[in-house]
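Report on the following structure.
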Amino acid sequence: MSAGLVQTYRAFAYNNAWANHRLLAACAALSQPELEAHRTGFFPSLQRTLNHIYIIDLFYIDALEGGWLGPAAWKNEVPFPALAALKSAQAAMDRRLIAICDALTPARLDGVVKINRDTRVQTERCDRLLMHLFQHQIHHRGQAHAMLSETTVAPPQLDEFFAEGEAPLRAAEFAKFGWTEETVWKSRT
């Protein structure tokens with residue numbers, strides 16, 4: 001496995017954090033009733049969908065860190081009823097995922113992650129688990145994006161993956177995170 005593949009996972013972690021930030025920042029313009037309003041999706045409100053993203057991140061990121069939280073992660077389906085608290089918690093979760101991906105090596109990508117499923121222990125290769133997690137986030141952010149389209153708040157652009165020619169368009173957002181293009185793309189192996 002090449003260092004290029006390791007770098008790809010790192011870039012996915014940064015892009016994930018950036019997309020979550022953009023989506024939650026747009027949702028911050030909604031009132032609490034708008035956030036809780038019934039909408040079409042797996043989880044029938046923006047509030048529930050955004051909390052679900054956080055909960056599943058918690059479940060898998062804990063396992064990736066070697067934790068044993070397991071299904072206790074989803075005991076509360078809406079741990080953050082208010083968006084401000086959710087935004088802060090999601091940002092912290094995204095930083096944890098970035099730290100995991102920043103520490104990746106080809107050997108760690110090939111390593112096994114143990115996941116507490118209460119009744120059994122699931123084992124997955126780290127690379128496969130990360131792909132699953134990123135896909136899960138993209139899927140539910142897409143649903144939240146569609147739900148946001150039903151409001152007066154314009155959904156943010158989430159469909160780009162750090163195209164080099166568009167770096168100036170995201171420079172101000174990156175600066176708020178303390179990131180540069182080199183932060184995301186510089187190989188650390």
Side-chain angles (χ1 to χ4, degrees), residues 11-65 67 69-101 115-118 129-162 166 169-179 184:
F12 265 108
Y14 281 95
N15 191 267
N16 174 72
W18 184 58
N20 283 336
H21 166 76
R22 286 184 138 203
L23 180 58
L24 291 166
C27 288
L30 298 171
S31 67
Q32 190 67 27
E34 289 174 307
L35 189 67
E36 295 174 11
H38 188 273
R39 301 183 192 284
T40 301
F42 268 2
F43 301 93
S45 71
L46 277 160
Q47 179 194 56
R48 291 176 61 87
T49 300
L50 297 171
N51 271 274
H52 174 73
I53 292 169
Y54 171 83
I55 289 165
I56 300 306
D57 284 359
L58 174 62
F59 175 73
Y60 285 119
I61 291 169
D62 175 75
L64 285 158
E65 293 171 334
L69 178 64
W74 51 78
K75 276 186 180 176
N76 182 352
E77 293 181 5
V78 183
F80 301 102
L83 193 70
L86 175 60
K87 188 176 178 192
S88 177
Q90 185 65 60
M93 191 63 59
D94 293 340
R95 287 190 298 274
R96 287 170 64 183
L97 183 55
I98 287 170
I100 289 166
C101 291
I115 305 159
N116 174 11
R117 293 283 184 180
D118 263 355
L129 184 59
L130 284 167
M131 284 188 272
H132 172 74
L133 180 57
F134 291 131
Q135 179 61 32
H136 178 269
Q137 294 165 338
I138 291 165
H139 169 75
H140 287 292
R141 273 195 307 264
Q143 289 185 339
H145 192 273
M147 289 179 190
L148 193 56
S149 297
E150 299 173 350
T151 73
T152 59
V153 176
Q157 181 180 352
L158 300 179
D159 63 342
E160 82 154 84
F161 195 92
F162 297 156
E166 296 177 355
L169 300 176
R170 63 181 169 269
E173 284 179 300
F174 270 31
K176 289 178 186 176
F177 288 114
W179 302 346
V184 174

For Leu46 and Cys27, the nearest pair of non-hydrogen atoms, with its separation, is CD2-SG, 4.2 Å
Mind telling me whether Trp179 and Phe177 have parallel, tilted or perpendicular rings, with 30° and 60° as the class edges?
-> parallel
For Leu133 and Asp57, what are the C-alpha separation, side-chain angles and deciding distance, and is it a side chain to side chain contact (heavy atoms under 4.5 Å, CB included)?
-> CA-CA 7 Å; Leu133 180 57; Asp57 284 359; 3.4 Å; yes
For Thr151 and Leu148, indicate whether the former's side chain and the latter's backbone hold a donor-acceptor pair under 3.5 Å.
-> yes
Taking atom CD of Glu77 as the centre, report whether more than 12 heavy atoms of other residues, nucleotides or ligands fall under 6.0 Å from it.
-> no
Separation between CE (Met147) and CZ (Phe43), nearest 0.5 Å, reads 9.5 Å
Quick one: CG on Leu97 to CD1 on Ile61, what's the gap to the nearest 0.5 Å?
-> 4.5 Å
Any side-chain heavy-atom pair from Glu34 and Arg39 closer than 4.5 angstrom?
-> yes
Given Ile115 and Tyr60, is the side chain to side chain contact (heavy atoms under 4.5 Å, CB included) satisfied, shown in steps?
-> CA-CA 8 Å; Ile115 305 159; Tyr60 285 119; 4.2 Å; yes
Between CD1 of Ile100 and CG of Leu64, what distance do you get to the nearest 0.5 Å?
-> 4.5 Å
Grab the two heavy atoms, one from Pro79 and one from Tyr54, that are nearest each other, plus how far apart they are.
-> CG-CD2, 4.3 Å
Value rounded to 0.5 Å, distance of CD in Gln157 from NE2 in His145 = 8.5 Å
Decide yes or no for Ser45 and Leu35: does some side-chain heavy atom of the first lie under 4.5 Å from some side-chain heavy atom of the second?
-> no
Are Phe42 and His52 an aromatic pair by the rule of ring centers under 6.0 Å?
-> no
NE2/His21 to CG/Leu158 distance, rounded to the nearest 0.5 angstrom?
-> 11.0 Å
Correct closest heavy-atom pair for Ala144 and Leu23 would be CB-CD2, 3.7 Å
What's the shortest heavy-atom distance between Phe80 and Ala89, and which atoms?
-> CZ-CB, 3.4 Å
Asp62 side-chain N/O to Leu58 backbone N/O, donor-acceptor pair under 3.5 Å | no
Rounded to the nearest 0.5 Å, what separation is found between the CD atom of Gln90 and the CD atom of Gln137?
-> 7.0 Å
Any side-chain donor near an acceptor of the partner, Gln143 and His140, under 3.5 Å = yes
Which of Tyr14, Phe174, Phe12 passes ring-ring contact (aromatic ring centres under 6.0 Å, His included) with Phe162? It is Phe174
Pair His38-Arg48, side chain to side chain contact (heavy atoms under 4.5 Å, CB included): steps then yes or no | CA-CA 10 Å; His38 188 273; Arg48 291 176 61 87; over 6 Å; no
Between Val153 and Ala26 the two heavy atoms that sit nearest each other are CG1-O, 3.3 Å
Taking C-beta and beyond as the side chain, do Arg141 and Asn16 meet within less than 4.5 Å on heavy atoms?
-> yes
Stepwise side chain to side chain contact (heavy atoms under 4.5 Å, CB included) check, Asn51 with Asn76 = CA-CA 10 Å; Asn51 271 274; Asn76 182 352; over 6 Å; no
